Amino acid sequence: MALSPRCGAIRACRRVLERAFSLRKVHSIKDMENTLQLVRNIIPPLSSTKHKGQDGRIGVVGGCQEYTGAPYFAAISALKVGADLSHVFCASAAAPVIKAYSPELIVHPVLDSPSAVDEVEKWLPRLHALVVGPGLGRDDVLLRNVQGILEASKARDIPVVIDADGLWLVAQQPALIQGYQKAVLTPNHMEFSRLYDAVLRGPVDSDDRHGSVLRLSQALGNVTVVQKGERDILSNGQQVLVCSQEGSSRRCGGQGDLLSGSLGVLVHWALLAGPEKTNGSSPLLVAAFGACSLTRQCNHQAFQKHGRSTTTSDMIAEVGAAFRKLFET
Ligand SMILES: NC(=O)C1=CN([C@@H]2O[C@H](COP(=O)(O)OP(=O)(O)OC[C@H]3O[C@@H](n4cnc5c(N)ncnc54)[C@H](OP(=O)(O)O)[C@@H]3O)[C@@H](O)[C@H]2O)[C@@H](O)CC1
Ligand SMILES: Nc1ncnc2c1ncn2[C@@H]1O[C@H](COP(=O)(O)OP(=O)(O)OP(=O)(O)O)[C@@H](O)[C@H]1O
Ligand SMILES: [Mg+2]
């Protein structure tokens, strides 16, 4: 059915107003330093009085026969950022491979088991945050189990970072995270389009990335959304932040996994610190800004050394120095 000219004009006018409204809320680049300061405020001090586990016990839900690198990258990044313990809940075929990459990870081969939800649920009281999706794949059995794990995590109020195939699941069932204030979604270009289409029932306006991220967050009930790209756009439906920390032109696979794993720890730290440490800004937005800055800084540093041959493992080797440069100055 053709739109009447009047209807088209109203819609165009609304778009202009929405854009102006969202731009007013956009965090300008000159504010990046202020936001980095808020990230510094949420980082817990190292102290000899703390016991193992206090600075973070993170779970990564992902890893299947095809993808073993992604959950490894996410889980090891959580440790390198400063979590004390990092668990991976994966399909049985992936477990020996992930264990062999690293003795530092605790690996549970449970995700394709009929009792997967119970197996993960018994660990939930001991976990501070979950990262759901890296290397999960799209097998129906695994996705059904992950649905149960997400429901159990929500019931316990556990923060969840949802990435990669976890976002595929959310695009099929947005109700799974609708309105959950402790969820952060980290879509890449493709994942964002898929989610936007599923939730807002229309294509993304590529001329208005800020407005698109704002609208998706609002439509999901103010769930925090991080759209990764040349600049990362972050929104909780009220505020929009932009992270344009210098990275490089190298786009090797796995950088997003570094981001989601780091974010798992930062989300925990931010919620622990609370809004007084983030100057009234949403703790989850501050955490997300920290993870984006850190990932891009790792990419920048690794590229200085390795150029075109940079891989995600090279970036992970930079986490310590990048963290010091950004947050411990
Ligand atoms: N070592 C490992 O184990 C790793 C495993 N990984 C795991 O793989 C699984 C699937 O994840 P995914 O990201 O490949 O999935 P999906 O959303 O289907 O996108 C695929 C297609 O989208 C497109 N595309 C992407 N970006 C775009 C852009 N900016 N602009 C435009 N187009 C863009 C592009 O399409 P193409 O150019 O090929 O036509 C691309 O091929 C998931 O479990 C993840 O964790 C990864 O983490 C990497 C390391
Ligand atoms: N064009 C770009 N220029 C600079 N940085 C970018 C660009 N695209 C993505 N990034 C950065 O790379 C990191 C990962 O984003 P990317 O879009 O590659 O995620 P992804 O596709 O989920 O990665 P993965 O391969 O781990 O699945 C983010 O920190 C993002 O800021
Ligand atoms: Mg990804």
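Residues take their numbers from the sequence shown, with the count starting at 1. Just so it is clear, the structure is predicted and the values come from calculations on it, not from any experiment.
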Do Cys64 and Leu136 come close enough that some side-chain heavy atom pair is under 4.5 Å? no

Look up atom CG in Leu241 and atom CG in Asn236, then write down how far apart they are to the nearest 0.5 Å. 8.0 Å

When you measure from the side chain of His300 to the backbone N and O of Gly247, does any donor-acceptor pair fall under 3.5 Å? yes

Report yes if the side chains of Arg215 and Asp208 come closer than 4.5 Å at any heavy-atom pair, otherwise no. yes

Any heavy-atom pair between the side chains of Ile162 and Leu150 that's under 4.5 Å? yes

What's the verdict on side-chain contact (heavy atoms from CB on, under 4.5 Å) for Leu185 and Val223, showing C-alpha distance, side-chain angles and the deciding distance? CA-CA 8 Å; Leu185 312 186; Val223 164; 3.9 Å; yes

Would Lys52 and Asp84 pass as an ion pair if we require N to O under 4.0 Å? no

Quick check: does any side chain N or O of Ser235 sit under 3.5 Å from a backbone N or O of Val240, one acting as donor and the other as acceptor? no

Using side-chain heavy atoms (C-beta onward) and a distance below 4.5 Å, is Val141 in contact with Asn145? yes

Approximate separation, where rounding is to 0.5 Å, of Gln239 CD and Thr35 OG1: 7.5 Å

Taking every heavy atom of Leu167 against every heavy atom of Glu191, the minimum-distance pair comes out as CD1-OE1, 3.7 Å

Ile42 reachable from Ile58 in the ILVMFWY side-chain graph, under 4.5 Å edges: yes

Provide the closest heavy-atom pair for Leu111 versus Ala116 in the form atom of the first, atom of the second, distance. O-CB, 3.7 Å

Run the ring-centre check on His128 versus Trp269 and record whether the distance is less than 6.0 Å. no

Could you tell me whether the side chain of Leu220 reaches within less than 4.5 Å of the side chain of Ile177, counting heavy atoms only? yes

Going by heavy atoms in the side chains, are Val267 and Leu271 under 4.5 Å from each other? yes

Rounded to the nearest 0.5 Å, what separates atom CG in Asp31 from atom CG in Leu36? 11.0 Å

Gap between atom CD of Glu119 and atom CD1 of Ile149 - 0.5 Å precision: 10.0 Å

More than 12 foreign heavy atoms under 6.0 Å from CD of Glu276: is that the case here? yes

side-chain contact (heavy atoms from CB on, under 4.5 Å), that's the test. Do Met315 and Gln255 meet it? Break it down for me. CA-CA 8 Å; Met315 289 172 56; Gln255 302 184 33; 3.6 Å; yes

Indicate the atoms forming the closest heavy-atom contact of Pro44 with Lys50, along with that distance. CB-NZ, 3.6 Å

Is it true that Val319 and Val39 fall in one hydrophobic cluster, defined by side-chain heavy atoms closer than 4.5 Å? yes

Please determine whether side-chain contact (heavy atoms from CB on, under 4.5 Å) holds for the pair Phe323 and Gln297, giving the CA-CA distance in whole Å, both sets of side-chain angles, and the decisive distance to 0.1 Å. CA-CA 8 Å; Phe323 191 99; Gln297 179 66 24; over 6 Å; no

Show your working on side-chain contact (heavy atoms from CB on, under 4.5 Å) between Tyr72 and Val60 and close with a plain yes or no. CA-CA 9 Å; Tyr72 162 77; Val60 174; over 6 Å; no

Smallest heavy-atom separation, Cys292 atom then Cys243 atom, equals CB-SG, 3.8 Å

If you count the non-hydrogen atoms of other residues, nucleotides and ligands that lie under 6.0 Å from CZ in Arg251, is the total more than 12? yes

Has Gln301 got a side-chain atom pairing as donor or acceptor with Cys298's backbone, closer than 3.5 angstrom? no

Under 3.5 Å donor-acceptor, Glu328 side chain and Ala321 backbone: no

What are the two closest non-hydrogen atoms of Pro71 and Gly63, and how far apart are they? CG-CA, 3.5 Å

Does any donor atom in the side chain of Asp163 or Thr186 lie under 3.5 Å from an acceptor atom in the other side chain? yes

Just wondering, more than 12 heavy atoms not from Lys228 lying within 6.0 Å of its NZ? yes

Donor-acceptor under 3.5 Å (Ser217 side chain, Val213 main chain): no

When you look at CD of Gln65, are more than 12 heavy atoms from neighbouring residues, nucleotides or ligands closer to it than 6.0 Å? no

dist Thr224:OG1 -> Leu284:CG (nearest 0.5 Å) comes out at 4.5 Å

May I ask you to decide if Leu142's main-chain N or O and Asp139's side chain share a donor-acceptor pair within less than 3.5 Å? yes

Heavy-atom donor-acceptor pair, Ser102 side chain to Ile98 backbone, under 3.5 Å: no

Any side-chain donor near an acceptor of the partner, Asp112 and Ser92, under 3.5 Å: yes

Given 3.5 Å as the limit, does a donor-acceptor pair link the side chain of Thr278 with the main chain of Pro275, or not? yes

Between Tyr180 and Pro159 the two heavy atoms that sit nearest each other are OH-N, 4.2 Å

Candidates Thr311, Thr310, Thr312 - the one meeting side chain to side chain donor-acceptor pair (under 3.5 Å) with Asp314: Thr311

Is the count of non-hydrogen atoms from other residues, nucleotides or ligands lying under 6.0 Å from Lys277 atom NZ greater than 12? no

In one Ile/Leu/Val/Met/Phe/Trp/Tyr side-chain cluster, 4.5 Å: Tyr67, Val61: no

Applying side-chain contact (heavy atoms from CB on, under 4.5 Å) between Tyr101 and each of Val107, Thr68, Ile76, report the one that passes. Thr68

Following the transitive rule for hydrophobic clusters with a side-chain heavy-atom cut-off under 4.5 Å over Ile, Leu, Val, Met, Phe, Trp and Tyr, establish whether Trp168 and Phe192 coincide in one cluster. yes

Would you say that Asp232 contacts Arg296 through its side chain, given a criterion of any heavy-atom pair below 4.5 Å between the two side chains? yes

Check: Pro134 and Val131 side chains under 4.5 Å, non-hydrogen atoms: yes

Side-chain donor-acceptor contact under 3.5 Å, Ser212 with Asp205: no

Side-chain H-bond candidate by donor/acceptor type, Ser115 with Asp118, under 3.5 Å: no

Heavy-atom donor-acceptor pair, Ser86 side chain to Ala75 backbone, under 3.5 Å: yes

CG/Asp197 to CG/Leu216 distance, rounded to the nearest 0.5 angstrom? 11.0 Å

Are Val265 and Leu272 connected in a single hydrophobic cluster, I mean Ile/Leu/Val/Met/Phe/Trp/Tyr linked by side-chain heavy atoms less than 4.5 Å apart? no

Is it the case that atom NZ in Lys305 sees more than 12 heavy atoms from other parts of the structure closer than 6.0 Å? no

Between Arg40 and Gln37, do the side chains contain an N or O donor and an N or O acceptor separated by less than 3.5 Å? yes

Between Asp55 (side chain) and Gly82 (backbone), is there a donor-acceptor pair under 3.5 Å? no

So for atom CZ, which belongs to Arg201, do other residues, nucleotides or ligands contribute more than 12 heavy atoms lying within a distance under 6.0 Å? no

